[in-house]
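Worksheet: the structure to be examined is printed underneath.
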Amino acid sequence: MRFSAPKGTYDILPPESAAFLAVVEALSRPAILAGYGYVQTPLFEDTALYQRGVGESTDVVSKEMYTFHDKGGRSLTLRPEGTAGVMRAIVEHRLYAGQLPVKLWYTGPNFRYEQPQSGRYRQHVQVGLEAVGVDDPALDAEVVAIADDGYRSLQLTDYTLGLTSLGDEQCRPGYRRLLVEFLDGLDLDADTRRRVQLNPLRVLDDKRPNVQAQLVDAPLPPDHLCGDCAAHLESVQSRLRALGVPYVVSPRLVRGLDYYTRTTFEFTHRGLGAQASIGGGGRYDGLLETVGGPAMSGIGFGLGVDRTMLALAAEGRVVAEPARCRVFGVPLGELAAARLFVLVAELRRAGIAADLAYGGRGLKGAMKAADRSGATYAVVLGDRDIQAGTAQLKDLRSGEQIAVPLDSLVATVQERLT
RNA sequence: GUGGGUGUAGCUCAGCUGGUAGAGCACCGGGUUGUGAUCCCGGGUGUCGCGGGUUCAAGUCCCGUCACUCACCCCA
């Protein structure tokens with residue numbers, strides 16, 4: 001039996017894995033600087049949490065969840081998105097009773113049973129954050145700007161921020177009726193008709209040309225906002241302008257999760273193919289209440305780490321050099337191997353990245369390994385040197401080599417590397 | 001769930017109308033147990049995705065299946 005990674009999953013190996021870690025770091029740093037604390041929630045939750053929190057009418061819940069029963073008969077589901085679990089934690093630990101807003105960030109994998117394609121996997125990693133308990137458009141702008149700062153710190157340029165408002169419980173129902181009325185007059189297939197009933201907003205961003213052609217005169221959310229929602233959207237925009245965050249108002253932007261209200265946004269990258277969204281989020285007033293908490297507003301985002309990697313590749317950006325070895329031990333014979341084994345450990349304890357030729361490779365092979373390790377120095381040690389109480393310290397770039405007393409080798413290397 | 005494309009070495013790929021599996025790179029060893037990145041020599045590391053069929057003979061033709069990939073729906 002030959003095993004391979006399950007469908008829709010993949011391995012991240014060196015040296016690219018170093019870039020992956022760097023992307024997680026780059027996307028989360030702006031959140032940390034903005035006062036968001038790290039939260040880690042389980043990779044699986046009670047199935048009902050997602051059914052209630054994400055919404056039964058969403059594709060995520062209706063057909064993409066990895067649901068299973070544990071030995072206690074509980075129905076559990078592998079986390080399909082990050083927000084619901086964080087809301088559960090906020091309610092369970094009554095974080096909403098403390099200082100507001102509650103600001104949390106997280107990273108980790110999400111699981112969705114989907115048909116894989118470019119940029120879409122059954123397991124994907126996000127960096128996300130949530131700000132709960134304060135209803136202030138400035139907070140919306142902060143959240144959007146944090147995401148933009150993350151992408152910008154990675155030198156990404158070929159992306160666009162789309163922004164809109166989906167309205168609230170005041171104006172959404174009326175708009176929804178208007179939209180359904182319009183959509184009912186169109187020539188749509190059965191699948192889409194069903195969607196009109198479940199969540200008509202989502203028909204707006206259907207990509208099929210024959211559908212889009214019929215939507216040119218469709219009523220759009222930003223044109224039917226109540227006064228409060230319109231003022232909110234305008235305030236978010238003016239804050240973004242103040243920060244110099246470029247955005248485009250995208251009236252057809254809709255998201256597939258039911259909980260979004262008012263501010264909704266999405267970052268799309270031009271180098272990615274069909275799955276172009278590298279991150280998105282929005283306001284979800286009412287979600288906390290849905291999962292058993294008080295009626296409090298909230299806003300957050302999820303940024304796709306896998307897709308950000310693809311975006312970086314599309315722009316030809318190399319993110320991080322793999323952590324490189326600085327000193328490489330080349331032993332000649334058993335005695336030298338034993339001595340170098342300890343010496344290399346001492347270098348590491350002194351904070352110097354060091355490695356050693358294992359397996360008695362012979363001088364040529366060991367030197368080759370030293371070269372490939374990227375080390376600045378090779379320490380060559382043989383019987384002759386041990387007799388003399390020295391080691392040969394070779395600069396692999398210049399080829400120069402000097403004898404250094406074994407006792408002071410760590411100190412000498414430390415000095416030369418700084 | 002639906003549709004298209006592709007499966008040959010670690011990677012990128014060649015292999016014609018069927019005739020017993022190759023190249024480049026990578027890797028390993030040697031040239032030199034006291035010096036790497038250059039050079040020279042040597043080594044193929046393979047379930048031709050898998051199963052079945054046709055044939056004297058299948059990487060090649062047929063059927064099935066699986067995987068990968070791209071796209072739709074949807075999302076990061």
Test item: A:Leu204 and A:Leu179 side chains (from C-beta on) under 4.5 Å apart, heavy atoms: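 They are in side-chain contact.
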
Tell me: [atom1] of [X] to [atom2] of [N], nearest whole Å?
{"X": "A:Arg372", "N": "B:U35", "atom1": "CZ", "atom2": "C1'", "value": "15 Å"}
{"X": "A:Tyr113", "N": "B:C74", "atom1": "OH", "atom2": "P", "value": "19 Å"}
{"X": "A:Gln115", "N": "B:G4", "atom1": "CD", "atom2": "P", "value": "14 Å"}
{"X": "A:Asp11", "N": "B:C11", "atom1": "CG", "atom2": "P", "value": "13 Å"}
{"X": "A:Arg122", "N": "B:A76", "atom1": "CZ", "atom2": "C1'", "value": "16 Å"}
{"X": "A:Lys207", "N": "B:A71", "atom1": "NZ", "atom2": "P", "value": "8 Å"}
{"X": "A:Arg79", "N": "B:A76", "atom1": "CZ", "atom2": "C1'", "value": "13 Å"}
{"X": "A:Leu335", "N": "B:G34", "atom1": "CG", "atom2": "C1'", "value": "15 Å"}

Between the base of [N] and the side chain of [X], is there a donor and acceptor pair under 3.5 angstrom?
{"X": "A:Glu114", "N": "B:A76", "answer": "yes"}
{"X": "A:Lys364", "N": "B:G29", "answer": "no"}
{"X": "A:Gln401", "N": "B:U35", "answer": "yes"}

For A:His269 together with A:Tyr159, are the ring centres under 6.0 Å from each other?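 Not under 6.0 Å, so no.
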
Quick one: is B:A71 close enough that its OP1 or OP2 comes under 4.0 Å of any side-chain N or O from A:Gln117?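 Checking B:A71 against A:Gln117, a side-chain N or O does come within under 4.0 Å of OP1 or OP2.
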
Compare side-chain N and O positions of A:Ser118 against OP1 and OP2 of B:C70 and report whether any pair is under 4.0 Å apart.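 It does, given that an N or O in the side chain of A:Ser118 lies less than 4.0 Å from OP1 or OP2 of B:C70.
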
What are the two closest non-hydrogen atoms of A:Thr58 and A:Gly55, and how far apart are they?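 That would be OG1-O, 2.8 Å.
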
Work out how far the C1' atom of B:G43 is from that of B:A37, and round it to whole angstrom.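 Straight-line distance between the two C1' atoms is 22 Å.
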
Parallel, tilted or perpendicular: which describes the rings of A:Tyr10 and A:Tyr121, with under 30° parallel and over 60° perpendicular?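 Ring orientation of A:Tyr10 relative to A:Tyr121: tilted.
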
